[in-house]
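Working notes for the structure below.
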Amino acid sequence: MTTYLVTGGAGFIGSNHIRYLLNKYKDVKVINLDKLTYAGNPENLSDFADDSRYRFVKGDICDEPLVNQLMEEADVVVNFAAESHVDRSIGSPDDFIKTDIFGAFVLLEAARRTHIDRFIQISTDEVYGSIDKGSFVETDTLMPSSPYSASKTGADRIAFSYFVTYGVPVQITRCSNNFGPFHYPEKLIPLFVTNAIEDKPLPIYGDGLNVRDWIYVEDHCDGIDFVHRHGELGEVYNLGGDNEKTNMEITDYILKKLEKPETLKQYVKDRPGHDRRYSLNCERMHALGWKPKHDFEQAMDKTIQWYLENPEWWQKIKSGEYLEYYKEQYEKR
Ligand code: NAD
Ligand code: TYD
């Protein structure tokens, strides 16, 4: 029996990862430690509420006593907990520094003392910064340019230092932009899909020609599990989808699929310090035998369909009722 401590498991990728683990492995326990910030929603895992293998703990990864206590039970840590939205990091970087850097440090310190089997730090392709031509390999210099990506870089390198200095069995994954169900509708794809459904404008930053590499969230989860099973300790692994698209291509795809007019496109002021292009070279993972399994268009269609079928999930968030609801729920406990 392996016990996972998944942090940030009430968010987009964390909840998909817990679902992936519980569906794939019978003999696992999962503890989900999540602070329930605006981005966390325990309902993302309501299908496992009665599963004895799953336990939700509301708490902060910066809370040392709580983290120490949970770490005693854990064999494997997967650290997803983070402030994750670049635009918010521009407005108020404080929580990014606290959670993404200091929180990772608290987890690593606890892991060092309890001798766990594995610590997987979920990093991001954004740590490399922008690249006009070619693709980044794992050994390239890190040149993050937003408070978000700089905070993630701090955690990425602190995790590495705990491997080198203390022998904590760390692995680091750097994934490209995810999409799929339960994606918070402040990010490009879920925002544009839900706005288009509601006939609201789609705010395109700058010229719309910035490029991101897109990966279906289930492929990311599969890649993390693959790194755990087959990767080396102390290594970094790029996880890309091999689907580089301009934001305009994504916008056009969504409008066409939902049969909505071009007039919904709204050009707005660019994001300060907006990275032009992210691109990963994933040869290291390919050489180990891993590749993403989902076709981009099929996965996009599935994702759009999920938002069409689950309006109550995103309408609650977009109306703001969600936050009030959960504040009340947890103040009662
Ligand atoms: P998200 O914002 O949807 O979820 C983050 C979760 O972390 C939320 O449930 C939130 O409540 C929780 N959290 C925040 N602060 C916390 C704290 N102090 N203690 C405990 N829990 C806390 O983010 P996401 O898109 O699911 O991203 C998850 C991770 O994957 C992040 O580390 C992010 O940097 C990384 N990542 C994301 C992408 C992407 O495209 N979304 C790509 C590569 C890497
Ligand atoms: P985002 O989903 O915020 O991810 P990241 O910035 O971490 O890659 O944004 C993806 C791209 O879409 C990015 O180039 C910024 C752009 N974008 C818009 O044009 N309009 C929007 O409203 C948002 C949220 C993003």
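As the structure lists them, so they are numbered: ligands from 1, and atoms in each ligand from 1.
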TODO: Mark the output for Tyr184 as yes if a heavy-atom distance to ligand 1 is under 4.0 Å, and as no if none is.
DONE: no
Open item on the list: Heavy atom to atom 18 (N) of ligand 1, shortest distance: which of Leu239, Asp60, Thr124 holds it?
Closed with: Asp60
- [ ] Give the atoms of ligand 2, by number and element, whose distance to some non-hydrogen atom of His85 is under 4.0 Å.
- [x] 3 (O)
Task: Nearest candidate to atom 3 (O) of ligand 2, where distance is taken over non-hydrogen atoms, out of Glu186, Lys187, Gln266, Arg271 - done: Arg271
- [ ] Find the distance between CZ (Arg118) and CG (Leu5) and round it off to the nearest 0.5 Å.
- [x] 15.0 Å
Task: Phe12 N/O under 3.5 Å from ligand 1 N/O - done: yes
Task: Under 4.0 Å to a heavy atom of Val86 - the qualifying atoms of ligand 2, by number - done: 6 (O), 7 (O)
Task: Among Ala39, Ala82, Ser84, closest by any non-hydrogen atom to atom 5 (C) of ligand 1 - done: Ala82
- [ ] Can you sort out which atoms of ligand 2 are near His274, meaning under 4.0 Å from one of its heavy atoms?
- [x] 13 (C), 14 (O), 15 (C)
Open item on the list: Is Cys62 close enough to touch ligand 1? Criterion: a residue heavy atom under 4.0 Å from a ligand atom.
Closed with: no
TODO: Answer with yes or no whether Gly59 contacts ligand 1, where contact means a heavy atom under 4.0 Å from a ligand atom.
DONE: yes
TODO: Compare Asn178, Asn177, Ile250, Leu188 and give the one whose heavy atom is closest to atom 4 (O) of ligand 2.
DONE: Asn177
Open item on the list: Between Tyr278 and Glu126, is the side chain to side chain donor-acceptor pair (under 3.5 Å) condition met? List the steps.
Closed with: CA-CA 7 Å; Tyr278 297 140; Glu126 303 194 26; 3.1 Å; yes
Task: Ligand-residue contact atoms, ligand 2 with Glu126, heavy atoms, under 4.0 Å - done: 5 (P), 7 (O), 8 (O)
Task: Nearest-option assignment for atom 9 (O) of ligand 1, heavy atoms, candidates Asp34, Leu188, Asn32 - done: Asp34
Open item on the list: Treating Thr99 as the side-chain partner and Glu83 as the backbone partner, does any N or O pair qualify as donor plus acceptor under 3.5 Å?
Closed with: no
Task: ligand 2 atoms in contact with Leu191 (distance to a heavy atom under 4.0 Å) - done: 22 (O)
- [ ] Tell me which protein heavy atom sits closest to atom 8 (O) of ligand 2, plus the residue, atom name and distance to 0.1 Å.
- [x] Arg212 NE, 2.7 Å
Open item on the list: Show the atoms of ligand 2 that are less than 4.0 angstrom away from any heavy atom in Asn210.
Closed with: 14 (O)
Open item on the list: Only heavy atoms of Pro203, strictly under 4.0 Å: list the atoms of ligand 2 that pass.
Closed with: 18 (C), 19 (O), 20 (N), 21 (C), 22 (O)
Task: Those atoms of ligand 1 less than 4.0 Å from some heavy atom in Ala81 - done: 7 (O), 20 (C), 21 (N), 22 (C)
Open item on the list: Counting only heavy atoms, tell me which of Asp156, Thr7, Ile61, Ile122 gets closest to atom 30 (O) of ligand 1.
Closed with: Ile122
